[in-house]
Every structure is written in structure tokens, then in C-alpha cells.
Number of protein chains: 2
Amino acid sequence: MDYKLLSNIRGPEDVKKLSQDELKELAAEVREALFNRTTKIGGHFGPNFGAVELTIALHYVFDSPKDQFVFDVAHQTYTHKMLTGRSIAYTDDAHFGDVCGFTNPRESEHDMFYIGHTSTSVSLATGLAKGRDISGKKGNVVAIIGDGSLSGGEALEGIDFAGEMDTNLIIVVNDNEQSIAENHGGLYKNLEQLRKSGGTCEVNLFKAMGLDYKYVEEGNDIETLIKALNEVKDIDHPIVLHVHTQKGKGYALAEKNKEEWHYSMPFNRETGERVSFGNGESYQDIFGKYMLDKIEKDKSVVCMTAAVPGAVGLEQDVRNKMGKNYVDVGIAEEQAVAMCSGIAKNGGKPVFVTNATFAQRVYDQMTQDVSLNGNAVTTVLFSTSIYGMGDATHIGISAMGMFTNIPGVTYLSPTSKEEFLAMLEYSIEQSDHPTIIAVPCDGVNSMIYPVDSNYDKTDKYQVCEEGEKTAILALGDFFNIGVQTAKLIEEKTGKKATLINPRFASGIDRELLDKLCADHDVIVTLEDGILEGGFGQKIASYLGGKDVKVLNYGFIKKFYDGMSAKDALLESRITPECILEDVTSIMKI
Amino acid sequence: MDYKLLSNIRGPEDVKKLSQDELKELAAEVREALFNRTTKIGGHFGPNFGAVELTIALHYVFDSPKDQFVFDVAHQTYTHKMLTGRSIAYTDDAHFGDVCGFTNPRESEHDMFYIGHTSTSVSLATGLAKGRDISGKKGNVVAIIGDGSLSGGEALEGIDFAGEMDTNLIIVVNDNEQSIAENHGGLYKNLEQLRKSGGTCEVNLFKAMGLDYKYVEEGNDIETLIKALNEVKDIDHPIVLHVHTQKGKGYALAEKNKEEWHYSMPFNRETGERVSFGNGESYQDIFGKYMLDKIEKDKSVVCMTAAVPGAVGLEQDVRNKMGKNYVDVGIAEEQAVAMCSGIAKNGGKPVFVTNATFAQRVYDQMTQDVSLNGNAVTTVLFSTSIYGMGDATHIGISAMGMFTNIPGVTYLSPTSKEEFLAMLEYSIEQSDHPTIIAVPCDGVNSMIYPVDSNYDKTDKYQVCEEGEKTAILALGDFFNIGVQTAKLIEEKTGKKATLINPRFASGIDRELLDKLCADHDVIVTLEDGILEGGFGQKIASYLGGKDVKVLNYGFIKKFYDGMSAKDALLESRITPECILEDVTSIMKI
């Protein structure tokens, strides 16, 4: 593939030079480049294949960066990146690493924000418009939103507020009939009515929020799109341009199975077969299987997600079997958590599951709607860890700092498969308080010490090995680092360290800590999270006036962007060798 | 006033026994009881006066607690409390203290949730409905929402999700044409269209979200309301009942000036004059005056609120003078913060101001939309303190635990009026990072030490007094306790303590702390917030391996409900005497 046109696109100005036929040819080349990257290293597939024509038309009509685009979630911006000087990151395998998966101002002046969470584009765009107006700048502000993001509270607040602005603001609703999984929420019925009526249906969410509105049926036809965008360009008030596109357009398998092809691991283009990375057991499988089994036995259990079932072990067949005991609220985390509180109030046993990074949306709901009311909602958080996700937008290492300080919330950090399941069972069956469980992220390990499943004794840590001089409190994911550190300390100092599995990240086992003080010189804490606000600092504070040293190991407070777990661990000295060095430097011999 | 009917209402069953005429008489007695309480101790005035008839009709038609009511915000539930066995708290001055300002399950089985934040009712009600259905219970679930709550993301997520449910759920929209201040957001234009068309206008927000819909114009007429409620009772699908009521109904002044009478301090019923609590300077005034002055000089400054301008010093005349540089997004905190990020991106200087408790809604937006993008948004938080608010729903002492651990956010805690203004000026004028400023809450004090306004040196603490043995890091509101403690320590031990104003709650002054270690035995930290996740624990952690003791003073992690500041301070040993005792017990003599 020689990318005849694409290789000459250095910026949007080059797109504008092309004829209508060449633009179509460009779209074909862009799709080839998308295939080149996604077949080899994976990525967001469906959203990008569906938005090729729309993105080309946007850059053809508008004049970025004077005109400003805000792409929602920004996982659909591969084409945008290609048209703004970054096509080599798609066409040349050696340059795949040049770009991240989302828009990022550090990459290009055409990227307004670094965005990875959904539903933010309209709100951010209202701000750009206001900033433009008060500073006397000119230009269009264009928000592009789709993929289920409309149901998110921030998006709805943004659309509602846009409805009372009196300035240029264009909201392109990229309607591909699909969220990540299926769409949820009544408003998607209205989008369907609007599609079916060619935009003429009087019941209209956007008009009801005070906005002007236009509809484009042929959302994968460049010529039609250019005409429609030209009609709204330089408009003097906010307008919604509702564009009907086809998710996964250009790849038959993705057009057919939209959920499966929202995101893809590397795959074989001929067969669609995914490259396999081994068939090891995953916590996703363990969770999905446990929940299905639990629901089959107990119909008061409800499994709740907010639009990311596939990422948390709830594949289509599992969901189908769960029936009415499975609820997907769509992208609407606040709704999910508040609804869980209501379910618990009426005697149900709700389990909300999501990725930790998305749970950042529910600090208030967890505090007020749930914990203040003492309702026993179980929240299961995946990806709370430095292991895994590479982009700063999706790393969940703030989860402890966020949730362990909310009064009334018990935050549990299991160290193994068995402990995870025991904690899940405990949490679902108790009715006293909300519980958050951080799913381990360092691979599926079996417990090397017996699981003490008596979690009714809140904040009671488990002593796994009794030793002297040094006590290691190794939480959750980092229990294994604790084991290795204990071993190294014994090897190098001849003194066996005490090894503890704290289990409760949100609480302090005062009785045990008082005892440890009496016969240990150093207490080491280990946690897979940003140190500030997390577990270890609670221990350091409790022991601050006591005659013992405390060394907290966790991550330096900063955004971790594309950094490997190994480098991050080294930077924060979270290795057995570093810890040994620190411990021996202060140990009383 | 002898409350002939009201005094015999022991529960909803007694409401059902009354004739239509008696219900009207009951409404009059309820208003008298409302006057009795609010003239003497203040309270939410307008919302309660407007909802008297609606609440009576709800209890007449439905059968609480089998039928379940969820009142949004719950500050409009005084009538509900009177009709469910708690009228004495309104009619008998000696019993005013029997009830809190919101629904609370600890008070009554008729109160489903303890709620003080807005926009939660529909989401909670969807949960009650789901819980009811899976546990085979019967009964209606009724959410009552109004007062501007509709524009909140959680409410919109809830309404959208309700639109795909297929079970009994009744959403009563209590439309009194008003938020706390004026309504904001395009959807309120649609409510107006619906009111004007008697509910027949085809553009209809609720229908666009998939819901059935009915309109009631005479929302203060009990007979009409009973008829309308009977029509939706036991319905088999979700429906919105849009009821047009008059905020402040029954008190001419409140009917006329709705914002002023949303909440009232004690007042003279004849004249409307508020009982004065002295005319001391307030931080609200200081902030409002500063912002107005700033905006007059610099038109790139934008003052942003989310529906609570009156609580933060932005009275109507101030807002009018600010013109386009003032933005109220309505109850929509996520929108406010994301919009600020966009404004900053385009060169504006946004200042978002709200009460700390409502900022709990924006943890994610502050992290991703703002801080990850490095946009210089200033956030001013009122009521971050144990001083002031009495209900657990509104205490802002979690603010530090929430915001100081977000990477890239600088959290400043001023100790005086001068320092507050210097920090505000610094924050607005710098363009490097988001800043949060906790407005002092212990009364307006002037600085007793010179203000060092060089905040560019991030995390640099100010040493106010150099001493020995003990160093006191006294943050923000609690600086004064630090001053007193230092004095007491010097008196009792003969050793002058080092006194430090840390200023930066989010950072660690490593250089200073290392120096303090060398010549001090004990480091004391003082903060007006929940200890866990806050300022002091960062210090204890940093110094955990050093040869110095650290004593952290802040509040025990729990919900503080109706507890006096004095009792809370004592419970957590935050008094000069307690600190002296702790310090001397470990000081090396």
C-alpha cells in the first residue's frame, strides 16, 4: 500500500485541496491505514471505521485549529490524527508509538484536550466558546459526540446549558446506533424516531433542551456531509447536527457485530480471528462466572454495569442468562450507583462493576446516596492498578485515595482469586455498609496462606508470618512484592520479617499495630496506588507518635502517561531491593 | 393557633379520613406551622410553602410507606414530616430540634433516604422500583423533583434510564418556575412551553427520554392534584406528572421574590424583615466584592457558579454588574468545571465558586477535564469546615481528602482575609495549573503575620515563629488553634514552639521538614478536615522513617450529623490543652 493521497496530507490545508473523488479515495486510504495499525496492535475499531467520512468532511469544511474540534472520548480520532500530520503513526509500523489512543494537546495543536472519559465534549466546547467570545477570538467550536456518550450526566448537563447560549457552537451527534455494548436509556429511542423520520419527528431531545437541530441521514457520504457542515459553519447560535453513521463501516464483520468490534486486539483481516495471548484464567472470567452462579441461586442479587460489560467479564451470553438480574444503565455511572442504593434499600443485593477510572464519576453518589444512608452496595473495581492500562486517562491508581477516605465505606484489597471470591461473597451477603473490592491486577494467583474469610471483624488484618524487627503490610496486588521483600530481608539480615495481609485498605487495625510497635523497629507498607490519601499514610499517621519507623511504598502523586509499570515501580522504589536498602539503613541492629 | 386538624394527624392514615374542605383547612394549618418554625429558626421557605397541597395530596392518594416517596434534595419535606407524625417539630417550639432539615430514615419509616444534595431522587427511585420488583414487593414508587434539580447530571441520567424501564415509577416534576436563583439551561424553556400549552406542546423533554407524560396546571389545588395522582397510581410503566406550583405560595413577599425567600433566616412575618445577626464582614462579601472589582479591570475573568450564587456572595446586583463575565450553569457542577477548563484553554481566567459539599460532584472533571489538561481553573470552596453547617449532608470536611490527592492540583488554605485575597489573585493570574482555595470559615480574621504572597514556589510553607522542640504546622482555619497551642506550650514547658503556616494543603515542603527534623522532637499538624487522606497524613508519611515524632490533628473519619463544632473538636482532641498533653508525653526533656 503506498497511500498516494494520505502520504501527502501534512495538515488540514492539504485535505481542502482535494476533489470530491479524491476525498473518497482518501477515505479508502485512511481505512487501509486503520487496518494496518489495528490488525497489528489493536485499538478502537468500530468508532474509527464509522467516522472516516465525517472526520474528512470536518477538516474539509472547517479550518482547524482556528476552528476547534472537541472529540468526545476521543477514541474515534484516528482519522483526525492522520489528517493533522500524524498519518505515519498508522501507515508505518515503526511509528505506531508516536501517538496515544486519544486526542492529546502534547501531540498536536489540533487536539484541544487530552480526553479518555466519555461525555465531556459538549461541556468543554461550551467553555471554548465562552473563552473565544470573552477574548474576542473568532472561529467555530465543534463538539463531536457519539458512541453512547449522550446518556452521561456531564453530556446532558452540557447540552442543556448549550441550549441557553447565544453564540456559535456546533454539536455533531455521531449516531451509529450503538454504545460500546448496546445503547441504554430512553433517549436512544428518540434518536431512533428521529432517524426513522429523517429528523422531522416533533418529539426531539435536542429541541427540548433549547437547541436548533438538523439531521443528516447519509453520514458516511462525504459530499452530503460537506454540504451539511457548510450550512452550519459560522452559525451564530448553538445547533445540533445529528449525523447517522455506520459503526465499523468498511469491514463486514465489524458492521455486523458492533459490540465485539468496538475495540479489538490485533486480528487477522481475512478471518477476523483475534491473535491469542494465551488462554490463562482472567479475573473477568472469574467475576462473570461467580456472578452468574450467584444470581442463579439468589434472585435478589442484581449485577449492574455502566456500558462496559465486556471489560468486566459480562459477555453477551452471561448477560442473557442473568436476565432481569442484570442491569446496564448505559454510560451513566451516577445513575448506576444511586440505583444500587435504592435496590439495597428495598432488600436487593446490588453489585456495581466497572473500571476504577470510570468510578471517579461517583464520589458524591458513593458518599451521599450510598454511604450516608448505610446501604449495602457492593462495588467491584477492575484496573485499580499500575499494571495494565498505558494512558493517563485510564489508570486507576487513584481509587484508594478517592474511596478509602469516605466515611462508612469498607474498601477491600484481595491478594488472590480465593480471597477475591470470599470478599465478594461476604460483601453481597452483609447488609450493614457499602463495600468496594479492588480486583487484583497482577495476574490470577492462588492464595499461599489460608483465606481468613471472617470480614465481619472490620479492619482486622491477617498476620501471615510472624517475625521480628521488620513488619511488612503488603496490600492487595502488592502482597507478592511483600513476600519477596520478606524473603530478601531474611536472607540479607538473618532476621525473619513479619508479613501481613491488611485486606482492609480503608481501616486501621489498631490492636495489631500497637502490638507490632512493641517488638518491631520498622513497619513497611506496600500499596498499588498513589501514596497520598491511600492506605500507608493512614498507618504512618496512626504510628506517628509511637516509637517505630514507618516506610510507605506507593506511587508518587502525578499522572502516569505511557510509563511502563516496571519504570513506575522503580521510580517510586517499590522493589524488594530498594525496600531492603531503606529498611536496613534504619533498622536497629 | 391550636392546629385543630394537624394536631390529630398521627400519620398518613389520618390524612385520608379528611373531607376535601378539611384538607384545605389542613393546608392552612400546615402553613401556619411552617410560619411558626421558619419565622423563629429559619429554614427552606419557598420550596415548602409551594408544595403544601402537593404533599397533602400525595399522602391522601398513596399509602406511605408501602408506597414509597423520594423527595429530591428533601428540603421541601416539612409538610411531609408534619403528616407523618412529626408535626410537633413545627407547632411546638420546644420540639424544633426533633427534626433535621431533610428526609432521614432515622427519623421516620416514611423517609426513604437521608438526602441533602439535589438531583438524586429519580435515580434512587429507579433503584427502589427495581428492588421492589426483584423481591416481589408491591406498591408505587414516587420521585418528587423540582427547584432546579432537573438540570443536574444525575437527574438527567435517571430520567433517561427510567425511560427504558417497564414497571411502576411515578416522577412528579414540581415545577415552580424557579431554581434557588433563576433557572438555567435550555430544558427550562421547554418546561415553559409545556406550561403555556397546558402540557400539549409536542417538543417534550420527558417524551424525548422515552417517558409517558401528564400535565397538571393547578398544582396548588388539592382536589385537582388528588384526581391527577389517582390517575397515575398503580400505573404499570414510568410516567412524568408535570405539576405547576407556585414557590412561596401563601406569603406575598415570597411569591414575589422567589430567590430571596428560597431559604430564610428567622424573620418578622408582618414586615418580612430578617432578624439580624450582626453586620460583621463575611467572606461572602469579601469574595463578591473582589470578583466584581477584578472583572471590572479584566474582562477575561469569568465568575462561574452552579445555582448557589447567594450562598457565595454573588447577590443579584453583583451578578448584574458582572454581566457576561458571570455564568450560572444551574445545578450542573460537572458542566461548570468542564466549561471552566474550556474557558482557560481559550485564554480566559475562570473562577468556579461553590460550597465544598457540592464540589463532591466533580472529582472526575477536576482530575481529567481540568488537571490532566493543565488548565488553570480556580475553584473557590466555601464551607470546607466543621464550623457552620449542622447536617451531615452539607459538611465540607472531606474536601481535602478529595482534592489534595489529585495530581496537578494545588490546594491552598488561607488563614486570613489578606491571605485569601492574595491567593485568589495569584491563582487567577497564573496559567500553569488548577488551584483550589478553601475559604476560611472561622470568621474574618486579619493576618497577624506578614502575608508572603509568593505562591509560585509551590509547596513552600511559611515559618511564622522559629522555636525548638515542637513545631506546629497549623493549616488554614486552624492556624489560630496553632497560635494558641504554641502559646500554651511555651507557658507550660518554657520552650518556644516553631509555628508554621503551611498554606499548601496538597504538597510537602521537603526542605523545611528535613530541617525541622534536625532540631525538633515533635511535629504537630492541625487541619480543619477529616484526617484520612488530608494534609497531616502526608507529613506523617514523609517523616515516617525520620527520627522525629508526628502528631496529626484532624477529624475522625465518620459522618458528623448535627454535632456541634465544639464537641467534634473535643472528640478528636483538637484543643490546645489536649495537644499540649500529647506533646509533653513524648517530648524529650
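Just so it is clear: chains get the letters A, B, ... in the order the sequence lines come, proteins before strands, and each one is counted from 1. These numbers come from a predicted model, not from an experiment.
Nearest heavy-atom pair across A/S123 and B/A338 is CB-CB, 3.4 Å. Heavy atoms only, all atoms of each residue included: A/H184 and B/D160 are closest at O-OD2, 4.0 Å. Minimum heavy-atom separation, A/N183 to B/E164: O-OE1, 4.5 Å.
Contacts of B/T525 with chain A are absent, with no heavy-atom separation under 4.5 Å from either backbone or side chain. For B/M400, no part lies under 4.5 angstrom from a heavy atom of chain A. For B/K324, the parts sitting under 4.5 Å from any heavy atom of chain A are the backbone and the side chain alike. For B/S135, the part lying under 4.5 angstrom from a heavy atom of chain A is the side chain only. Both the backbone and the side chain of B/S371 have a heavy atom closer than 4.5 Å to some heavy atom of chain A. Both the backbone and the side chain of B/L372 come within contact range of chain A, judged by heavy atoms closer than 4.5 Å. B/L211 does not touch chain A: none of its heavy atoms, backbone or side chain, sits under 4.5 Å away. Neither the backbone nor the side chain of B/D133 comes within less than 4.5 Å of any heavy atom of chain A. Heavy atoms of B/S119 lying under 4.5 Å from chain A are absent altogether. Proximity to chain A (any heavy atom under 4.5 Å) is restricted, for B/D166, to the side chain, taken from C-beta onward. Only the side chain of B/V327 comes within contact range of chain A, with heavy atoms under 4.5 Å apart. Proximity to chain B (any heavy atom under 4.5 Å) is shown, for A/T357, by both the backbone and the side chain. Neither the backbone nor the side chain of A/I523 comes within contact range of chain B, judged by heavy atoms closer than 4.5 Å. When heavy atoms are compared at a cutoff of 4.5 Å, B/L531 approaches chain A solely by way of its side chain, counted from C-beta outward.
No other option in B/K299, B/K207, B/Q68, B/K538 has as many heavy-atom pairs under 4.5 Å with chain A as B/K538. Of the listed residues A/M304, A/Q193, A/Q368, A/R132, the one with more heavy-atom pairs under 4.5 angstrom with chain B than any other is A/Q368. Between chain A and the residues B/L543, B/D561, B/V302, B/T367, the largest count of heavy-atom pairs under 4.5 Å involves B/T367. With chain A as the partner, the residue from B/L205, B/T126, B/N325 showing the most heavy-atom pairs under 4.5 Å is B/T126. Looking only at heavy-atom pairs under 4.5 Å with chain B, the residue among A/V203, A/V122, A/V337, A/I115 that has the most is A/V203. Per-residue heavy-atom pair counts under 4.5 Å with chain B were compared for A/G136, A/G186, A/S506, and the maximum is reached by A/G186. When A/P407, A/G153, A/G163 are compared by the number of non-hydrogen pairs under 4.5 Å with chain B, A/P407 comes out ahead. Among B/A155, B/G348, B/A332, the residue making the largest number of heavy-atom pairs under 4.5 Å with chain A is B/A332. Note on B/I530, B/T393, B/I556: by heavy-atom pairs under 4.5 Å with chain A, the leading option is B/T393. Your options are B/K558, B/K189, B/Q537, and the one with the most heavy-atom pairs under 4.5 Å with chain A is B/Q537.
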(message) The test is side chain to side chain donor-acceptor pair (under 3.5 Å); show your working for A/S341 and A/D369 and say whether it passes.
(response) CA-CA 7 Å; A/S341 183; A/D369 300 3; over 6 Å; no

(message) Go through it in stages, so that I can follow the logic: the residues are B/M112 and B/T103, the test is side-chain contact (heavy atoms from CB on, under 4.5 Å), and I'd like the CA-CA distance, side-chain angles, deciding distance and then a yes or no.
(response) CA-CA 7 Å; B/M112 292 299 120; B/T103 52; over 6 Å; no

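For A/F358 and A/H117, the ring centers are positioned less than 6.0 Å apart. Aromatic ring centroids of A/Y560 and A/H394 lie 6.0 Å or more apart.
For B/T120 and B/E154, the side-chain atoms include no donor-acceptor pair closer than 3.5 Å.
Taking the ring axis of A/Y542 as reference, the NZ or CZ atom of A/K546 stays within 45° of it and closer than 6.0 Å to the ring centre.
Partners of A/D582 by side chain to side chain contact (heavy atoms under 4.5 Å, CB included), not counting sequence neighbours, listed by chain and number: A/L551, A/Y553, A/R573. Applying the side chain to side chain contact (heavy atoms under 4.5 Å, CB included) rule to A/A125 yields the partners A/V70, A/V141, A/A143, A/L169; only residues at least two apart in sequence or on another chain are considered.
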